Amino acid sequence: MQLVDSHCHLDDEQFHSDREQVIQRARDAGLKYMLAIGTGDGPPDLETAIRLADQYPFIFATAGIHPNDVQKSNPQTFEHLRALVQHPKVIAIGEIGLDYHWGVPPEAQLPVFRKQLEIAAEGRMPIVIHTRDAWDDTLDVLRAFWTPTGLPCVMHCFTGDADHAKQCLDLGFTLSFGGVSTFPKSAEIREAARITPSDRLLIETDSPYLAPVPHRGKRNEPSFVTHTAEKLAEVRGVSLAELAAQTTANFERIFQMNPDLPR
Ligand SMILES: [Zn+2]
Ligand SMILES: [Zn+2]
């Protein structure tokens, strides 16, 4: 059985003391790939995930400016990002989007979000979206500026209900579920996961954050994606092996992975 962690922050300082072991545990747990998210502490460094991806054949990277870091960006940041799209291990722009929870003004976030959509579209790259307390604005921007490209869009750490899921699915997006979907009170998220078509489903950890049950409250790590996979298999009424095969195939298709790559 092979699984993929579609979203992890392996560069995080919480992994500084034992990153090697964390990565080894992920491999031992059957993870075929990990997608390291390259937002780090924000600009000017956009290469935190690329440095890891360069060291391991099974780790791939995104690059992008997180909505909470947009005020650190400037025109040079966008030139830098445009260049990184060409890096062979960069398979998406992300995580980008809108976050109205932490007080960064929307008028600062919106132009940076749109600029990154433009760069991703030019490079024919999929995008990984972060949205928090900004549902309508995020979908409005994506509907206007991304759906017309026909390129893939992954809604990371999907925590909406079935109606939110339908809105995204209607736009052609893919939903990526993480540890929150295993929490006892997350019945609405599990309903969203239940109705998601099998070819539009991904799983992730968002580690070191949001560890799934039974590790809730502790540091999360990519190997724990197995717990989310087990829960989603149960919710969807399929075997764990089938859920793993579906989500791994989806990852390879959406991010245009070459199946002949070494791993
Ligand atoms: Zn996020
Ligand atoms: Zn994240």
Side-chain angles (χ1 to χ4, degrees), residues 4-15 19 22 26 31 33-43 45-53 59-70 72-73 81 90-104 106 109 112-113 116-117 120 125-135 137-139 141-142 146 152-160 164-165 168 173-183 186 189 192 202-212 215-216 219-225 228 251 254-255:
V4 175
D5 183 353
S6 303
H7 191 114
C8 51
H9 295 269
L10 276 176
D11 62 300
D12 193 277
E13 61 182 13
Q14 293 187 49
F15 295 124
R19 187 170 290 106
V22 165
L31 271 68
Y33 302 120
M34 286 165 255
L35 181 52
I37 300 301
T39 44
D41 294 325
D45 186 5
L46 301 178
E47 293 167 68
T48 56
I50 295 172
R51 286 193 288 275
L52 279 165
I59 296 179
F60 289 79
T62 71
I65 304 149
H66 191 284
N68 294 339
D69 293 321
V70 294
K72 299 181 194 168
S73 64
L81 184 59
V90 172
I91 58 173
I93 296 293
E95 58 186 288
I96 60 172
L98 298 172
D99 188 324
Y100 293 170
H101 184 77
W102 296 106
V104 180
Q109 295 187 44
V112 176
F113 183 24
Q116 294 187 92
L117 293 180
M125 293 292 263
I127 52 171
V128 176
I129 293 296
H130 169 106
T131 180
R132 186 166 183 193
D133 298 346
W135 188 258
D137 281 7
T138 302
L139 285 198
V141 170
L142 291 172
W146 192 255
C153 170
V154 173
M155 304 299 281
H156 119 78
C157 193
F158 186 83
T159 48
H164 293 118
C168 292
F173 302 163
T174 296
L175 309 183
S176 181
F177 292 88
V180 182
S181 61
T182 69
F183 297 174
S186 298
I189 302 174
L202 290 174
I203 47 174
E204 64 170 69
T205 58
D206 206 12
S207 49
Y209 316 108
L210 297 169
H215 301 289
R216 188 174 181 180
R219 184 188 72 172
N220 198 1
E221 62 173 68
S223 65
F224 296 170
V225 80
T228 301
F251 183 86
I254 289 162
F255 295 107

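Keep in mind that what you see is a predicted model, and the values were worked out from it rather than measured. Note that ligands are numbered from 1 as they come in the structure, with each ligand's atoms numbered from 1 the same way.
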Under a plain distance cut-off of 3.5 Å, with no hydrogens placed, do [Y] and [X] share a side-chain donor-acceptor pair?
X	Y	answer
E204	S176	yes
D5	Y33	no
H66	Q109	no

Does the structure place the NZ or CZ of R216 under 6.0 Å from the centre of the six-membered ring of F183, at an angle of no more than 45° from the ring's axis?
yes
State, yes or no, whether a side-chain contact exists between V22 and L10 at a heavy-atom distance under 4.5 Å.
yes
Polar protein atoms (N, O or S) that approach the Zn ion (ligand 1) to under 2.8 Å
E95 OE1, H130 ND1, H156 NE2
For the pair N220 (side chain) and T205 (backbone), establish whether a donor and an acceptor sit closer than 3.5 Å, ignoring hydrogens and angles.
yes
Under 2.8 Å from the Zn ion (ligand 2) - does any N, O or S atom of C8 fall there?
no
